[in-house]
Visitor: 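Take a look at this one; I'll ask things after.
Here is how names work: the chains are called A, B, and so on, in the same order as the sequence lines, proteins then strands, and each is numbered from 1.
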Amino acid sequence: MIKLYDYLLSVNCYKQRLLLSILDVPYERVDIDFYPGWEHKGAEFRKINPLGHIPVIDDDGYVLWDAHAILVYLASKYDPTGSWYPVSDPRRLGEVASWMLFAEGTTNTASAARLHVSLDYDFDLEACQAGAHRLFRVLDEHLWFQEQQGQEWVASGESPTVADIALFPDVALSEDGGISRLDYPALRRWTERVQRLPGFIDMPGIFPVAKAPA
Amino acid sequence: MTITDGRQTEPAIGPADPVAVDQWYALTALDEIPVGRAVRTKLLGVPVSYCRDHDGAPLAWLTQDSLPAGAPVDARTLDAPLPTMADYGYLWTTVGEPGGALFDIPETAEPDRRILNAGTFGIFTSGPRAVENFLDMGHLPFVHPGVLGQQPFTEIVDYQVEYRSSEIYAVNCLIFQPKAAAASTSGQMVNYTFRVPHPLCALLYKSTPEDDVRLDVIGLFVHPIDDGRVRAHLFNCLLDTVNTDGQLRRFQQGVLAQDKPILENQVPRQLPLDPDAEAPTRADKTSNAYRRWLSDLGMTYGVVASTQPGL
Amino acid sequence: MTAPEPGSLLHPVASCADLVPRHVVKARLLGQDLAVWRADDGFINVWADRCIHRGVRLTVAANDGAELVCPYHGWRYSNRSGNCAYMPAHPSDAPPRRLRVPAFRSEERYGLIWSGGSPEAEPPRLPHLEADDTLVLRALPVNVPPDLALQGLHECSYQLGPAAGDAASISCDSAGPFAVAVTARTGSTEEIVVHFVQPVDGGRCVIRPVMRGTPAAGRRLSILRHHARQLEELRARLESSAGSRVTVRGPSTALEPLPRPSTTAASGRAPQLEVSVARKWLTAEGIAAFELAPMSGQLPSFQPGAHVDVHLPNGLVRQYSLTNGPGLTSVYRLGVKLEPDSRGGSRCMHDSVHEGDTLQLSEPHNNFPLRRDAARTVLIAGGIGVTPLLAMAQTLERQELAYELHYFAQSDDHLAFGEVLEPLSTGLVKHLGLSPDQTADEIEKITHDYGAASHLYVCGPGPMIEATRAIAGGSGWPDDAVHFEYFKNESELHDTSTFEVRLARTGRTLMVGAGISLLDSLRDAGVDMPSSCEQGVCGTCMATVLEGQLDHQDVFFNDSERAAGNQMLTCVSRAAGERIVLDL
Ligand SMILES: N[C@@H](CCC(=O)N[C@@H](CS)C(=O)NCC(=O)O)C(=O)O
Ligand code: FES
Ligand SMILES: [Fe+2]
């Protein structure tokens with residue numbers, strides 16, 4: 001069974017839990033005392049990931065770290081429909097890769113602001129917030145145009161991809177870092193669409209949404 | 001009991017609110033403080049720094065340029081050291097004149113208690129809003145569903161609020177909880193007592209799966225960075241032989257992380273003390289008592305003071 | 001000419017397309033934070049973004065299609081009125097009507113939602129955009145004050161030309177105090193875009209461009225992209241010249257909330273609401289259904305189980321339960337069964353009240369409140385008694401709380417409000433054509449295993465209610481778990497006694513003689529007692545009893561309430577002894 005080295009309040013770990021839940025893949029959680037224990041920085045954990053980061057998965061001895069890489073692996077291996085990581089469609093795959101890289105940016109700005117505010121991480125809050133706003137403007141515009149074309153997700157196509165999973169928590173929890181979404185109506189609609197996906201699970205800090213109308 | 005009689009003069013530093021200034025505040029859990037290296041923060045808007053010296057004793061001082069964050073600290077070179085205390089596992093300090101000891105938590109003397117800081121979270125809210133949330137039972141089924149409450153069992157039956165030696169107590173507070181503690185294995189009706197011994201500290205006592213008589217004690221000690229941003233410490237003093245520290249922390253941090261966005265979406269961030277400013281119901285007796293108590297103390301920091309005189 | 005106050009005008013706060021189902025749009029106008037949402041019935045609510053309970057923003061609430069649910073303590077606020085519909089900490093309380101989120105105007109024009117403004121203000125009507133369809137272009141929030149944005153739009157209008165228009169000649173004119181119209185001519189074609197500027201607060205605005213006409217499907221996207229690109233360039237210029245970080249917030253102008261639904265103070269028997277019969281139809285054999293719409297403003301809020309007093313054209317006053325579920329706030333919907341032995345109430349409703357007629361109503365009262373914190377909820381309806389239970393079933397259904405609705409009726413043709421029953425399928429059980437004995441057997445089966453936190457609600461003919469109460473009591477249901485509402489008092493009333501009444505608060509004493517009700521005696525003595533059914537059914541004329549034995553003749557109280565002896569209905573009940581003392 002997959003082992004996920006996990007911390008409840010980490011957005012990057014949550015991305016894995018979310019995809020695993022949507023794909024309905026059983027896994028075992030190994031809780032890391034991330035804060036205040038800093039267990040991931042300890043010698044024991046560095047034997048697993050020398051970078052001292054979570055998430056890490058161990059799938060029957062195959063060990064992988066880096067949140068977005070793990071998403072790619074999990075979707076490729078465990079999504080029989082092939083829609084979450086669309087390898088058979090080069091254009092969509094390119095878009096997915098592009099937005100996954102974009103998500104590195106939202107993680108390093110929006111989610112960094114959150115770590116600073118919540119857990120006193122040593123980041124420049126204003127710089128993180130300004131950076132997140134720059135990216136959110138781009139993403140909001142992209143999603144607005146997607147909607148204009150009858151598209152609901154970050155990458156084109158009928159169904160969501162790992163790019164949506166990679167971006168969702170950075171956006172949905174941005175207010176934890178003092179980043180308001182007042183100016184991003186299309187982003188706010190998209191987060192609700194993600195929350196209505198079958199198999200969606202939340203993490204602490206995400207507000208519940210009402211069901212879609214019948 | 002840390003409520004002073006109220007001094008006549010305005011504080012020399014910090015906000016013009018002697019009630020807020022003349023208190024001890026928990027800055028950080030002792031075992032999370034670096035030894036010999038300065039950490040910078042603010043207390044009531046005043047830049048302060050802290051560390052532990054090489055004997056482990058806590059130090060705090062008004063931030064000075066010569067000691068940037070991370071700088072090695074020599075206690076003898078501090079320009080303006082602040083009083084400190086090491087109690088309940090935290091470094092307490094003040095920028096005023098508290099004139100008294102910290103409130104007592106007798107349970108901490110029991111040898112089999114698990115005492116730990118379950119987590120410290122930064123939240124964009126005021127101290128009083130954070131404390132009120134901690135005292136609030138009605139939100140449990142909505143904000144902590146499946147753990148500290150469960151819909152549709154949302155009724156808050158009448159309970160009693162008392163004042164004992166100028167502290168607030170709310171007793172016989174009952175709520176159905178599916179997983180009352182990390183050590184719970186099933187749902188149960190849980191009886192809470194809430195206690196407010198300090199304007200920005202509150203404690204709760206609740207039954208525990210492991211002891212029929214004694215109660216778990218959980219505290220919220222607020223470090224007010226300024227009047228719209230806090231660090232909230234979750235103090236645990238539990239009877240739990242089952243869970244590791246990591247598990248206890250996961251449980252408590254999950255709960256606090258659910259409260260954070262609620263608090264950050266309350267407007268205004270400061271707690272309105274005017275009874276008409278928000279619409280309480282019978283279930284909010286504790287919160288009403290707390291607002292009233294802050295009003296009577298004359299607290300003005302982190303609140304929207306009541307415009308109604310003579311309350 | 002002096003410029004109008006921004007607060008006196010309507011401004012756009014969202015585009016209609018932003019209001020997708022079950023969503024709450026976050027907006028800000030003149031410093032006022034707004035929660036804007038569309039209910040499933042299409043009504044658009046513009047509310048202050050703040051739960052009145054403990055101040056949580058309602059833009060983080062869930063829109064369930066009929067109500068916004070605050071995430072902190074689950075207070076529910078109704079579509080249209082903004083009234084608090086439910087406080088989960090107090091499952092059996094009807095929230096007071098003063099608990100209401102401030103609501104603002106919402107008007108639709110040119111594909112935008114407009115709000116704020118003085119009561120007489122209208123959204124702008126521009127010659128540029130009339131007489132044609134409009135296309136809402138991408139709106140852009142800009143971190144500069146509204147006046148700088150307006151100025152920038154004027155100055156840079158030459159750069160806001162059409163997608164395919166090198167040769168365009170561009171002119172620009174002010175289209176009111178908060179809009180700039182840009183007209184581009186290329187040969188014989190003309191493109192008009194009006195840029196509305198929403199004043200967010202002192203330091204921010206949203207530019208909302210609307211284009212005249214509907215482009216060909218193939219060109220739509222490129223037009224949208226082109227204008228979005230241009231506006232983004234404008235924004236970059238505006239923001240960099242205003243300094244990278246504009247921090248001015250305010251001054252904020254207070255928006256004027258809509259007035260509350262106007263009703264006169266509840267007292268006596270005066271009607272308080274004027275409604276018109278918007279629709280009347282035969283919903284089942286012998287049952288007429290009515291939809292009553294307000295003559296002006298909005299209808300007062302109500303809870304499941306509530307009824308209104310209808311003042312009939314023939315002078316009679318009758319109580320009818322509201323069948324409305326939580327989604328239906330634009331009309332009150334009633335069902336009236338034609339009673340063969342009608343004293344004139346149901347006959348009049350059936351024969352003399354027509355669509356378009358005006359009726360007078362009381363505000364809704366609720367003597368039959370629904371708890372929403374039960375582990376099991378059983379609703380038992382006999383015939384027309386289904387009406388309040390329909391309101392309950394729809395409420396429970398919407399909140400996804402389990403319930404059973406047992407509907408006893410003569411036949412399929414006697415089932416009322418089929419269109420409401422239809423979507424209830426999971427909880428609905430029909431019991432058709434049963435004799436009284438068979439009915440009792442069924443009720444026995446339904447109630448035989450009582451479990452904690454179960455609640456039973458029954459409404460129907462008197463004998464059926466009595467039977468249900470007796471059967472449930474026998475199966476261990478406590479009094480406070482069995483809720484009932486009679487439609488009329490079928491017991492024989494005795495009013496031959498005489499007794500003395502002392503009014504404790506005023507210190508007065510009066511005599512009630514034979515043939516006169518206590519209620520009338522109180523009124524003769526100048527006490528302003530409210531009343532409604534005057535048959536001991538509705539509970540409106542309740543008084544608190546401080547001393548004395550009572551001769552209860554109502555069908556309102558349950559046995560334990562009766563035994564407690566501290567309350568009475570003054571319309572039918574009397575003293576059992578010579579004297580009672582009332583807390584009046
Ligand atoms: N690039 C890594 C970064 C993951 C990351 O930053 N994880 C955080 C938890 S959310 C962590 O382990 N931080 C420890 C650190 O930054 O020292 C990934 O995508 O997995
Ligand atoms: S704050 Fe909204 S329900 Fe309490
Ligand atoms: Fe909480």
Visitor: For a side chain to side chain contact (heavy atoms under 4.5 Å, CB included) with K260(B), tell me which candidate from V117(A), L173(A), L9(A) qualifies.
Guide: V117(A)
Visitor: For E32(B), is it the side chain, the backbone, both or neither that has a heavy atom under 4.5 Å from a heavy atom of chain A?
Guide: side chain
Visitor: Taking side chain as everything from C-beta outward and backbone as N, CA, C, O, which of these in D120(A) sits under 4.5 Å from a heavy atom of chain B? Side chain, backbone, both or neither.
Guide: side chain
Visitor: Contact part of N265(B) toward chain A, heavy-atom cut-off under 4.5 Å: side chain, backbone, both or neither?
Guide: side chain
Visitor: Would you say R249(B) and D33(A) make side-chain contact, with heavy atoms under 4.5 Å?
Guide: yes
Visitor: Which atom pair, heavy atoms only, marks the closest approach of T120(B) to L119(A)?
Guide: O-CD2, 3.8 Å
Visitor: Using atom types as modelled and distance alone, determine if a side-chain donor or acceptor of Q253(B) lies under 3.5 Å from a backbone N or O of Y35(A).
Guide: yes
Visitor: Among residues 186-207 of chain A, which ones touch chain B with a heavy-atom distance under 4.5 Å?
Guide: P204(A), G205(A), F207(A)
Visitor: Under 4.5 Å heavy-atom distance to chain A, tell me which part of I225(B) shows up: side chain, backbone, both or neither.
Guide: neither
Visitor: Counting a contact as any heavy-atom pair under 4.5 Å apart, which residues of residues 227-236 of chain B contact chain A?
Guide: R229(B), R231(B)
Visitor: Heavy-atom pairs under 4.5 Å with chain A - which of A69(B), G254(B), G122(B), P145(B) has more of them than the others?
Guide: G122(B)
Visitor: Is any side-chain heavy atom of S180(A) closer than 4.5 Å to one of E264(B)?
Guide: no
